[in-house]
Amino acid sequence: KQIVVSGIRPTGNLHLGNYFGAVRSFLKMQEDYNCYFFIADIHSLTTHPTPVNLQSGVKQVLAEYLACGIDPEKSIIFIQSDVPEVSELYAFLNMNAYLGELERTTSFKEKARKNPENVNAGLLTYPVLMAADIIIHKAQFVPVGKDQEQNLEMARKFAGRFNRMYNCELFPLPQPFTFDGGDMIKVPGLDGSGKMGKSEGNGIFLVEDPKDIRKKVMRAVTDAGPLEPNSKKAEAVENLFTLLKIVSTPEVVSHFDAAYNDCSIRYGDLKKQLAEDIIAFTSPIRESILEILKDEAYLGKVARMGAERARESAQKTLNEVKDVIGFRRLF
Ligand code: TYM
């Protein structure tokens, strides 16, 4: 079986972007691949969470993975910090990751711009740790959303560089995987532009109360409406249609498309429909999250089982890595 690795940072509740950009692919892939799905708690340290927030964030994402249907019997579900081999490989990879290329990474530049007082070394080498996560299990595929495209490109670069440097073929070059085989996706937010994000304040969470979902959707940004038939949609309106396509039926989408094109659309109706379709999708997941969160014994068992299996795979690779680097004791 081919190997799959992907992770999510425990920095908040999962939102529709996480689900449709990543988790939906996890569910599909766990049937046919050897999957490693983890919680990237070390990556989340770049923004300095308190210990309490870190702990609750990890527990939340673990419960959400399970509630979405990731099956610990089929997939290896684990917490990044439970597998210290990753940090060891990260240290080795850092020796061949260059300041220039790291500084040029879009997400680094963006984070440095948004938060100039916290440009730490972990932020700079974020793609190196991510590469370690992926290649330590020799993954062939990485299901992630569009925002991770460049990080994944860097992972390929570091894997290839290691292979060439030590004249070996230890690491496959990890490829993106998308749910429908098309382009990597970006789920938009409700604020008119950009992607849905945990920190952007424009997200709808899987665990969110239906009342709050209705409120958020009804407040979503639109425009004054089409002024003439078949006009181009403004970005904010296009985004609502994108969300509608994700959660509604094709019939519903073409109904509102037609209404837009003949200028009879009422955005209030579109939003009501969108809110109800989102709620129909999230409600069962929400209930399951709240149930699973109560069962700490089960969560602990899943995490321990996953850690054991992930470590086994990581140790195997790390031994090979140490061998080719020259750490094998000859005396
Ligand atoms: P994170 O925690 O920001 O996001 C988790 C996953 O959700 C996807 N995603 C989206 N997809 C589409 N539209 C959106 N609006 C949207 N928002 C988030 C992300 O693309 C991602 O797949 N660096 C990673 C975590 C990570 C990782 C890894 C992933 C660490 N090591 C190794 C894969 C392999 C991150 O911060 O994702």
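Order of listing sets the numbers, starting from 1, for every ligand and every atom in it. Below, each value reflects all heavy atoms present in this structure, side chains not excepted, and no hydrogens, waters or symmetry copies.
Sorted by chain and number, the heavy-atom contacts of ligand 1 below 4.0 Å come from Ser6, Gly7, Ile8, Arg9, His15, Gly17, Asn18, Gly21, Ala22, Phe38, Ala40, His43, Tyr126, Met130, Asp133, Ile134, Val142, Val144, Gly145, Asp147, Gln148, Ile185, Lys186, Val187, Lys195, Met196, Lys198.
Take Lys28 and apply the salt bridge (Lys or Arg N to Asp or Glu O under 4.0 Å) test, not counting sequence neighbours, and it matches no residue. Looking at residues two or more places apart in sequence or on another chain, you find no salt bridge (Lys or Arg N to Asp or Glu O under 4.0 Å) involving Glu308.
Salt bridge status for Asp147 with Lys195: present, with a side-chain N to carboxylate O gap under 4.0 Å.
No more than 12 heavy atoms of other residues, nucleotides or ligands sit less than 6.0 Å from atom CG of Asp183.
The salt bridge (charged side-chain N to carboxylate O under 4.0 Å, His left out) contacts involving residues 85-95 comprise Glu85-Arg311, Glu88-Lys322, where partners must be two or more places apart or lie in separate chains.
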| task | Quick one: do Phe205 and Lys216 satisfy side chain to side chain contact (heavy atoms under 4.5 Å, CB included)? Show the steps, please. | result | CA-CA 11 Å; Phe205 301 101; Lys216 278 188 182 174; 3.7 Å; yes
